[in-house]
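Following: one structure in structure tokens, then a few remarks.
Order of appearance sets the numbers: ligands from 1, and atoms from 1 within every ligand. Numbers here simply count residues along the sequence, with the first being 1.
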Amino acid sequence: MDASVSVTEGGPALKRAAGLVREVPDFPEPGVLFRDIGPVLADPDAFGAVVHALGRRGDFDVVVGVEARGFLLGAAVAHACGTGVVGLRKPGKLPAVADRVDYDLEYGTATLELPADALESGQRVLVVDDVLATGGTLGAARQLADKAGCEAVGAAVVLELTALEGRAAVPDWDVQALFTV
Ligand SMILES: O=P(O)(O)OC[C@H]1O[C@H](OP(=O)(O)OP(=O)(O)O)[C@H](O)[C@@H]1O
Ligand SMILES: Nc1ncnc2[nH]cnc12
């Protein structure tokens, strides 16, 4: 487990959850230190605390979750907050695509697609994901929401990798990270 993870705010349940983040050296490729939040999701108390904290801003109409771990978190946050959830998908998965955006990652490039007829113009969108690294993913999600005519009110992630300065990719955006490292 990774003792260097800090909790930005919150009580003992979130502190305990932060201690469950696992460090995996050289994944998915040599030189990358992967932070695995799987153990946080697998623990009922930690999962509950994280989901509650991610949804607490409450000023959104719909949650957008990013494939793949953002699906697990986004669906739980949406259900807890009484909203629906829309999944942004990797290419080739959707029967009908409204829009797509290409972006850079810490370890490569990627594309996200917005399903057709999923977001309505004017909806206030909260983007939920597990990790903020370079910010490419959140930037792409924000662009997709903007282009759909929505108001992207901000993003909520479990863990921010501060050394990668991902907030610079989403300037003037309200990004809440529960944990930092
Ligand atoms: O801030 P960024 O540099 O964009 O990185 C963050 C993204 O990277 C990981 O996803 P990945 O694309 O590896 O996909 P996965 O969730 O399907 O494993 C993570 O789950 C975030 O979505
Ligand atoms: N180092 C990392 N650990 C976990 N998820 C990531 N996404 C991008 N970089 C990552």
Look at the side chain of D43 and the backbone N and O of A46, then say whether any donor-acceptor pair between them is shorter than 3.5 Å.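 It does hold such a pair.
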
Please answer whether the main-chain N or O of L178 pairs with a side-chain N or O of T8 as donor and acceptor at a distance below 3.5 Å.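 It does hold such a pair.
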
Mind checking whether [X] has an N or O less than 3.5 Å away from an N or O of ligand 1?
{"X": "A68", "answer": "yes"}
{"X": "Y107", "answer": "yes"}
{"X": "K90", "answer": "yes"}
{"X": "L132", "answer": "no"}
{"X": "G135", "answer": "yes"}

I'd like to check which ligand 1 atoms, numbered from 1 as shown, lie under 4.0 Å from a non-hydrogen atom of G136.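 Atoms satisfying the 4.0 Å criterion: 1 (O), 2 (P), 4 (O).
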
Quick one: which ligand 1 atoms are inside 4.0 Å of a heavy atom on E67? 16 (O), 17 (O)

Is [X] salt-bridged to [Y], cutoff N-O under 4.0 Å?
{"X": "K15", "Y": "E9", "answer": "no"}
{"X": "R100", "Y": "E113", "answer": "yes"}
{"X": "K93", "Y": "E67", "answer": "no"}
{"X": "R35", "Y": "D130", "answer": "no"}

Cut-off 3.5 Å, side chains only: do D102 and T111 have a donor facing an acceptor?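 Side-chain D/A pair, D102 to T111: present.
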
For residues P115 and V86, report the shortest heavy-atom separation together with the two atoms involved.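 Reported closest heavy-atom pair: CD-CG1, 4.1 Å.
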
Per-residue contact class, L164 against ligand 2 - non-hydrogen pairs under 4.0 Å: neither

Does the side chain of [X] reach to within under 4.5 Å of the side chain of [Y], using non-hydrogen atoms?
{"X": "L112", "Y": "V66", "value": "yes"}
{"X": "V32", "Y": "E106", "value": "yes"}
{"X": "V181", "Y": "E23", "value": "no"}

How far is [atom] from its nearest protein heavy atom, and which residue and atom name does that atom have?
{"atom": "atom 4 (O) of ligand 1", "value": "T137 OG1, 2.5 Å"}
{"atom": "atom 19 (C) of ligand 1", "value": "D130 OD1, 3.2 Å"}
{"atom": "atom 10 (C) of ligand 2", "value": "E106 OE1, 3.2 Å"}
{"atom": "atom 10 (O) of ligand 1", "value": "R69 NH2, 4.0 Å"}
{"atom": "atom 3 (O) of ligand 1", "value": "T134 OG1, 2.4 Å"}
{"atom": "atom 7 (N) of ligand 2", "value": "Y107 OH, 3.4 Å"}
{"atom": "atom 8 (O) of ligand 1", "value": "L105 CD2, 3.9 Å"}
{"atom": "atom 6 (C) of ligand 1", "value": "V131 O, 3.4 Å"}
{"atom": "atom 5 (N) of ligand 2", "value": "F34 CE1, 3.5 Å"}
{"atom": "atom 4 (C) of ligand 2", "value": "R35 O, 3.2 Å"}
{"atom": "atom 5 (O) of ligand 1", "value": "A133 CB, 3.5 Å"}
{"atom": "atom 21 (C) of ligand 1", "value": "D129 OD2, 3.2 Å"}

Do other residues, nucleotides or ligands put more than 12 heavy atoms under 6.0 Å from D117 CG? no

If we number the atoms of ligand 2 from 1 as shown, the ones under 4.0 Å from a heavy atom of A133 are 8 (C), 9 (N)

Angle between ring planes, F34 versus Y107, binned at 30° and 60°: parallel, tilted or perpendicular? tilted

What about L161: any of its N or O atoms under 3.5 Å from an N or O on ligand 2?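 N/O-N/O distance below 3.5 Å does not exist for this pair.
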
